[in-house]
Amino acid sequence: MKVLLFSCQPYDRASFVQAGTAFPALELHFSQAPLTASNAALAKGFAAICTFVNDPLDAATLQILHAGGTQVIALRCAGFNQVDLQAAQALGISIVRVPAYSPYAVAEHAVGLILALNRRLHRAFNRTREGDFSLHGLLGFDLHGKTCGVIGTGAIGLVFARIMQGFGCHVVACDPAPSAELQALNVSYTPLPELLACSDIVSLHCPLTEDTHHLINPTRLALMKPGAMLINTGRGALVDTQALIAALKCGQLGHVGLDVYEEEASLFFADHSDLPLQDDVLARLLTFPNVIITAHQAFFTQEAISAIADTTLNNLHDWQQGLPCNQVQG
Ligand code: NAI
């Protein structure tokens with residue numbers, strides 16, 4: 001089966017070429033360009049395509065893919081909020097995904113953001129390089145004894161909660177499907193308003209759905225402890241970015257770490273450093289000394305990208321054989 005991989009960076013290509021040796025029946029072709037409605041016709045003749053997290057699979061794009069003979073789309077990610085599942089189902093296109101590759105990768109990145117923000121490592125790094133060895137403005141706090149609120153305790157939130165317990169944090173959580181494992185570890189589940197009110201650090205690990213769009217909005221930000229830290233490694237649109245900026249300006253939020261951003265699709269995963277930044281909201285966020293933004297790199301560990309390639313090709317192999325294949329149900 002011919003497979004065309006969109007949004008394929010050199011590191012993706014390397015991991016897929018390596019994983020592909022175990023799947024000789026899959027003929028892999030690579031495109032660095034993201035998938036859009038205007039280039040979807042490139043997939044004509046490919047029974048399978050493979051896309052990444054910001055490739056929009058809206059009804060118009062799916063129509064073009066279907067007309068070109070695409071029968072299955074393999075997502076190289078866990079989330080599938082970018083897919084119009086109803087349209088895919090109506091066209092008979094199967095969607096398969098990688099439900100879990102390395103929860104450790106994302107959880108550990110969230111913890112990395114917390115440590116860097118708290119101890120101002122980003123500022124200290126620049127300062128010592130300039131010969132400035134002063135400590136003013138670098139005062140942090142002990143994580144030990146603080147309350148950490150985890151929103152979404154699936155695969156990633158579970159690992160994150162366990163790490164934070166290791167620092168001596170009191171972990172509280174909010175999830176419509178509580179984890180028995182975390183409850184056994186004395187993690188208490190509370191409704192969202194209570195979690196926001198008692199947490200020194202809040203970390204988002206739930207999927208983006210209609211219900212969770214702008215989960216963090218002006219009302220919820222006002223419920224948070226003044227000066228609290230917010231970490232988002234979930235999806236950008238879980239947070240109302242304009243409200244985030246307002247909360248940072250008035251000091252309601254003390255620290256913000258983002259690996260995802262609502263409008264990231266046209267910016268992330270590419271080098272725009274030679275061009276003026278056109279996104280004024282992101283530009284404003286980047287001016288705050290107490291904000292760290294990484295460009296959707298939380299998943300990016302050697303273990304995770306190997307697992308993504310292996311699972312994706314296995315999904316396509318199993319789909320061809322009519323076996324269970326991590327299919328997303330519409
Ligand atoms: P998962 O499906 O194992 O867990 C998600 C959890 O969120 C579930 O327990 C679910 O019950 C809970 N949840 C759903 N709605 C909720 C709500 N309104 N409030 C609180 N909890 C809610 O997913 P996993 O693997 O832990 O991933 C979580 C999210 O992390 C993904 O949906 C994806 O958006 C994001 N992600 C980000 C990556 C990155 O590189 N930044 C990489 C991988 C995933």
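Just so you know, ligand 1 is whichever comes first in the structure, and atom 1 is the first atom listed for that ligand.
- Protein heavy atom at the shortest distance from atom 37 (C) of ligand 1 is Thr233 O, 3.1 Å.
- No side-chain N or O of Ser102 forms a donor-acceptor pair with one of Glu303 less than 3.5 Å apart.
- Leu65 is listed as a side-chain neighbour of Leu57, based on a closest heavy-atom distance under 4.5 Å.
- In this structure, Val281 and Glu263 have side chains that are not in contact, with every pair of non-hydrogen atoms separated by 4.5 Å or more.
- Using modelled atom types and a 3.5 Å distance limit, the side chains of Asp132 and Ser134 yield a donor-acceptor pair.
- Put simply, atom 21 (N) of ligand 1 has protein non-hydrogen atoms near it, under 4.0 Å away.
- Counting atoms of ligand 1 from 1 in the listed order, those under 4.0 Å from a heavy atom of Arg235 are 33 (C), 34 (O), 35 (C), 36 (N), 37 (C).
- Proximity annotation for atom 10 (C) of ligand 1: of Leu258, Thr212, Asp175, Asp175 comes nearest, heavy atoms only.
- When only interatomic distances are considered, the shortest N/O to N/O separation between Asp259 and ligand 1 falls below 3.5 Å.
- For Tyr101, every heavy-atom contact with ligand 1 shorter than 4.0 Å involves the side chain, none the backbone.
- Heavy-atom proximity to Ile151, at under 4.0 Å, picks out these atoms of ligand 1: 20 (C).
- The CG atom of Leu221 sits 5.5 Å away from atom CG of Leu253, with the distance rounded to the nearest 0.5 Å.
- Contact annotation for atom 2 (O) of ligand 1: protein absent (non-hydrogen atoms, distance under 4.0 Å).
- Of the protein's heavy atoms, Gly234 O, 3.5 Å lies nearest to atom 35 (C) of ligand 1.
- Looking only at protein heavy atoms, the nearest one to atom 4 (O) of ligand 1 is Gly154 CA, 3.2 Å.
- When only modelled atom types and interatomic distance are considered, Thr312 and Asn315 share no side-chain donor-acceptor pair under 3.5 Å.
- Contact annotation: the side chain of His109 never approaches that of Thr301 to less than 4.5 Å [non-hydrogen atoms, C-beta and beyond].
- Ring centroids of Phe52 and Phe269 are separated by less than 6.0 Å, placing the two rings close together.
- The environment of CG in Leu139 is sparse: at most 12 heavy-atom neighbours from other residues, nucleotides or ligands sit within 6.0 Å.
- For Glu262 and His214, the side-chain atoms include at least one donor-acceptor pair closer than 3.5 Å.
- Nearest protein neighbour of atom 7 (O) of ligand 1, counting heavy atoms only, is Pro207 CD, 3.3 Å.
- At under 3.5 Å, a nitrogen or oxygen of Ala155, whether backbone or side chain, sits near a nitrogen or oxygen of ligand 1.
- Close N/O approach between Phe299 and ligand 1 is found [any backbone or side-chain N/O within under 3.5 Å].
- Annotation for ligand 1: atoms under 4.0 Å from non-hydrogen atoms of Val106 are 38 (C), 42 (C), 43 (C).
- Put simply, the side chain of Thr311 does not reach to within 4.5 Å of the side chain of Tyr101, judged on heavy atoms.
- Using a 4.0 Å cut-off between heavy atoms, His296 contacts ligand 1 through its side chain alone, with no backbone atom that close.
- Here atom 29 (C) of ligand 1 lies nearest to Cys206 when heavy atoms of Cys206, Ala298, Ala78 are compared.
- For ligand 1, one of its N or O atoms has an N or O atom of Ile156 under 3.5 Å away.
- Using a 4.0 Å cutoff on heavy atoms, Pro176 counts as a contact of ligand 1.
- Distances from ligand 1 to the non-hydrogen atoms of Leu208 include no value under 4.0 Å.
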